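The residues of the chain are indexed from 1 along the displayed sequence. If you're wondering where the values come from, they're calculated on a predicted model, not measured in any experiment.
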Amino acid sequence: MFNLSSRPFSYAALRTLNLGQKFIPTPGVDTPRDRLERMITRYTRNIRLRAWFGDTGSADLKFHVAGSNWEPPFVPAAVTRFNQDVTAALQAAYDLRHVLMHNHPVPDNVTPEMRRAMFELQHDPSVTVKPSDKNMGLCILDRSWYIAECLRQLGDTNTYAQVPAANIPPLVEHLRRQVLRLSTVHRLHMPDDVYKYLKAAAISDFTVPYFYLLPKVHKLPAVTREHLHLLKGRPIAACHSWVTNASSVYLADVLNHTCHHLFPQVLPDSRALVRLLERSTVGRDAFLVTFDVVSMYPSIDNNEAVTACAQAASQCGYHGGMVEELLTFVMQHGYCQFDGQYYKQVHGTVMGTPVAPPYSNIYVASCLEAVAQAQCEYWPAIYKRFIDDGFFVWEQDEASLQAFLQLLNSTLPNIKITWQYSQHSVDYMDLTVTKCAGTGPTVGVKVTTFQKPHNQYMYIPYFSFHRRGVFKGFITAELQRYAVTNTLPADFAHMQALFFQRLVDRGYPVGKLRQWFAAVEHSCRVQLLQRPPGHKRRAGVPPVLVLQNGQFEMTAHIAAVLNRVYAAHKHEPAVAKIFGGSDARLIVAYTKNRSLGARLIRARH
């Protein structure tokens, strides 16, 4: 936790804040019966739908449109009996909740003083709580400073223009009609599921995105009030409920596919760079170089970027005119609100919209890198970029490196870069890239994990009200990341030891940690490095019972209840087909409770 406000905190408040934004306090109320019954009703309806429609195969559900309350005209009697028994078993478990919770009480994981401190901070009008940029932890700021910084950024007339509040309702209706028009005009140029997705989105309710800032505490020499005058915020305006979002989601899918096929220098993740570096050798005197595109999103020329993206997409089989119109629609209608005032973004890439990363990637690749490469006699064999962060290996002298960097910095008047280089090692993304020792003309390259100096390692405390599987899951994922980002077993063991102690400091039992740590070895990195980036949500997953994660659900072993019912019905072919066979295990998922961050952090400052 970073306290950059002038507010003093009690010991209870400091204890609460140091739990981290992902910490979940024990809920104080039981799950209402009507909520449980709604979730059961949704589950049994999904079972009836699966019985009627069957398995839809491996279709991509990215553009799925939720259906209405339509019911199948016929369901096999065996499925009806199964649904009835599931409902009865879950209701019976709920009726026994007081006995279960008495025999297996869930202790409160915060003290009354901490709850009071949480409430006071939540309702304190003098401070604002925000997550730090780069996921560095919670940051407490004086609200007066925060509002002034927001207004300073929104007051930049080169980027934003104020819009009268009275103009917003008719604007929303106009943009709604635009979505319908564009989806109709380009009906034949997009898949059926995308067309339905855009049409459904056009009749949804919309909210103008809220503008907020993520404090860039990692840029400060020391996180103290003495350096507050140096602090800046990263502007965010999440567009998930805005009228352009559906178009942006589809365009992100199109441009990510385009970028992957046309621009191999764009990294999908750091694993791709590790694979490349570890099978390469570099000159013993070569320079390892990193660069950063300064204020990339606000600096992009939208006219050039839209044209570049449409041309690139057309090379991959998409309709260039459709891409150009949809992109223009998204980029020309970036709106946000702050403190009761409305603003339109008039320059640069719209913030918080899904298409922004691939849109920016293609712009830099087409309008900067391709132009610069055409002017160079030498282009690095290893040259990679992840959005605005670049890495390459320069095999010539320092003077030619400086000339190359100046060329990148001057190719486009609106795009500027900063850089660092070394003949030994550089930090890039979550990696430290280092040349191996050697006396020959070429040497290998190794990687180790890079962690920012201000990182506070605010892992979820073990006593947080999370399902137990969450702890094992994030620890396993982090250990696998360490395996990937450390070439040598000794470096992996060092990161393991640091991680182990940090988790112990967050209340994790040593015995459990040893068990989980033993499951991830450095040798697994070969398999992990070959894993394709990203995982698409696909159909074909059996129906899942989704419940609230309350005290009843924490003690009732719902999955065991569900699977006992299934064991009595799995001999029925109609039932077994729904869940993938008689050996299937039925799945229960749980919604996330309100975390400390969700209670304290507000987009509306």
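Note: H257 and H261 have tilted aromatic rings, judged against thresholds of 30 and 60 degrees for the angle between ring planes. Classification of the F338-F211 ring pair by plane angle, with boundaries at 30° and 60°, yields perpendicular. Classification of the F329-H333 ring pair by plane angle, with boundaries at 30° and 60°, yields tilted.
Between the S366 side chain and the Y363 main chain, no donor and acceptor come within less than 3.5 Å of each other. No donor-acceptor pair under 3.5 Å is formed between the side chain of N486 and the backbone N or O of T448. Side-chain atoms of K416 come within 3.5 Å of backbone N or O of N409 as a donor-acceptor pair. No donor-acceptor pair closer than 3.5 Å links the side chain of S400 to the backbone N or O of Q396.
With 3.5 Å as the limit, one finds a donor-acceptor pair spanning the side chains of T485 and T449. A donor-acceptor contact closer than 3.5 angstrom is absent between the side chains of Y160 and Q153. No donor-acceptor contact under 3.5 angstrom links the side chains of T432 and S425, judged on distance only. Residues D156 and T159 bring a donor and an acceptor atom of their side chains to less than 3.5 Å of each other.
Residues A356 and V350 approach most closely at CB-O, 4.0 Å, considering heavy atoms. The shortest non-hydrogen separation linking V208 to Q337 is O-NE2, 2.8 Å. Between A286 and V393, the shortest heavy-atom distance links the atoms CB-CG1, 3.9 Å. Contact between V179 and V243 at its shortest, heavy atoms only, is CG2-O, 3.8 Å.
More than 12 heavy atoms of other shown residues, nucleotides or ligands fall within 6.0 angstrom of atom NZ in K199. Within a 6.0 Å radius of CD in Q420, other residues, nucleotides and ligands contribute 12 heavy atoms or fewer. For H260, the NE2 atom counts as loosely surrounded, since its 6.0 Å shell holds 12 or fewer non-hydrogen atoms of other residues, nucleotides or ligands. Within a 6.0 Å sphere centred on NZ of K22, heavy atoms belonging to other residues, nucleotides or ligands number 12 at most.
A salt bridge is defined here as a Lys NZ or Arg NE, NH1 or NH2 lying under 4.0 Å from an Asp or Glu carboxylate O, and R225 with D142 meets this definition. At a threshold of 4.0 Å, the pair R187-D192 counts as salt-bridged, since one of the basic side-chain nitrogens sits closer than that to a carboxylate oxygen. The residues D133 and K216 are annotated as not salt-bridged, no charged nitrogen and carboxylate oxygen being separated by less than 4.0 angstrom.
At a threshold of 4.5 Å between non-hydrogen side-chain atoms, the residues L529 and R275 count as touching. Within the 4.5 Å cutoff, the side chain of K384 has no heavy atoms near those of the F392 side chain. Put simply, the side chain of L251 reaches to within 4.5 Å of the side chain of L327, judged on heavy atoms. Side chains of Y318 and H189 form no contact here, defined as non-hydrogen atoms less than 4.5 Å apart. Side-chain contact between M429 and L267: present, with at least one pair of heavy atoms (C-beta onward) separated by less than 4.5 Å. At least one side-chain heavy atom of V433 sits less than 4.5 Å from a side-chain heavy atom of V445. The shortest side-chain heavy-atom distance between R284 and K435 does not fall under the 4.5 Å cut-off.
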Check the pair D285 / Q423 against side chain to side chain contact (heavy atoms under 4.5 Å, CB included), numbers first and verdict last. CA-CA 6 Å; D285 298 324; Q423 289 182 299; 4.0 Å; yes
Could you go step by step and tell me if Y212 and Y146 meet the ring pair (Phe, Tyr, Trp, His ring centres under 6.0 Å) rule? CA-CA 9 Å; Y212 63 97; Y146 178 78; 8.4 Å; no
Begin with the C-alpha distance, continue with both residues' side-chain angles, and end with the deciding distance and a verdict on ring pair (Phe, Tyr, Trp, His ring centres under 6.0 Å) for F391 and Y428. CA-CA 7 Å; F391 169 88; Y428 179 66; 5.7 Å; yes
Using the side chain to side chain contact (heavy atoms under 4.5 Å, CB included) rule, take C316 and T258 through it: C-alpha gap first, then chi angles, then the decisive distance, then the call. CA-CA 6 Å; C316 291; T258 299; 4.0 Å; yes
Carefully, step by step, assess Y421 and W394 under the rule ring pair (Phe, Tyr, Trp, His ring centres under 6.0 Å). CA-CA 9 Å; Y421 57 83; W394 190 259; over 10 Å; no
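Shown here are the side-chain hydrogen bond (donor to acceptor under 3.5 Å, both in side chains) partners of Q162, two or more places apart in sequence or in another chain: Q341.
Note that CG of L180 is 11.5 Å distant from CG of L175, once rounded to the nearest 0.5 Å. A distance of 7.0 Å separates CG in L4 from CG in L220, rounded to the nearest 0.5 Å. One finds the OG atom of S299 at 5.0 Å from the CD1 atom of I415 (value rounded to the nearest 0.5 Å). Taking CG from L138 and CZ from F2, the interatomic distance works out to 9.5 Å, rounded to the nearest 0.5 Å. One distance of note links CG of L600 with OG1 of T128; it measures 11.5 Å at 0.5 Å rounding. Here the straight-line distance linking atom CG of L154 with atom SG of C336 works out to 5.5 Å at 0.5 Å rounding.
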Review item, side-chain donor-acceptor pairs of residues 373-383, under 3.5 Å, at least two apart:
{"residue": "Y378", "atom": "OH", "partner": "E395", "partner atom": "N", "Å": "3.3"}
{"residue": "Y383", "atom": "OH", "partner": "E369", "partner atom": "OE2", "Å": "2.8"}

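Partner of E278 under the salt bridge (Lys or Arg N to Asp or Glu O under 4.0 Å) criterion, out of R525, K446, R271: R525 alone. Partner Y359 forms a side chain to side chain donor-acceptor pair (under 3.5 Å) with one of N256, N302, T353 and no other, that one being N302.
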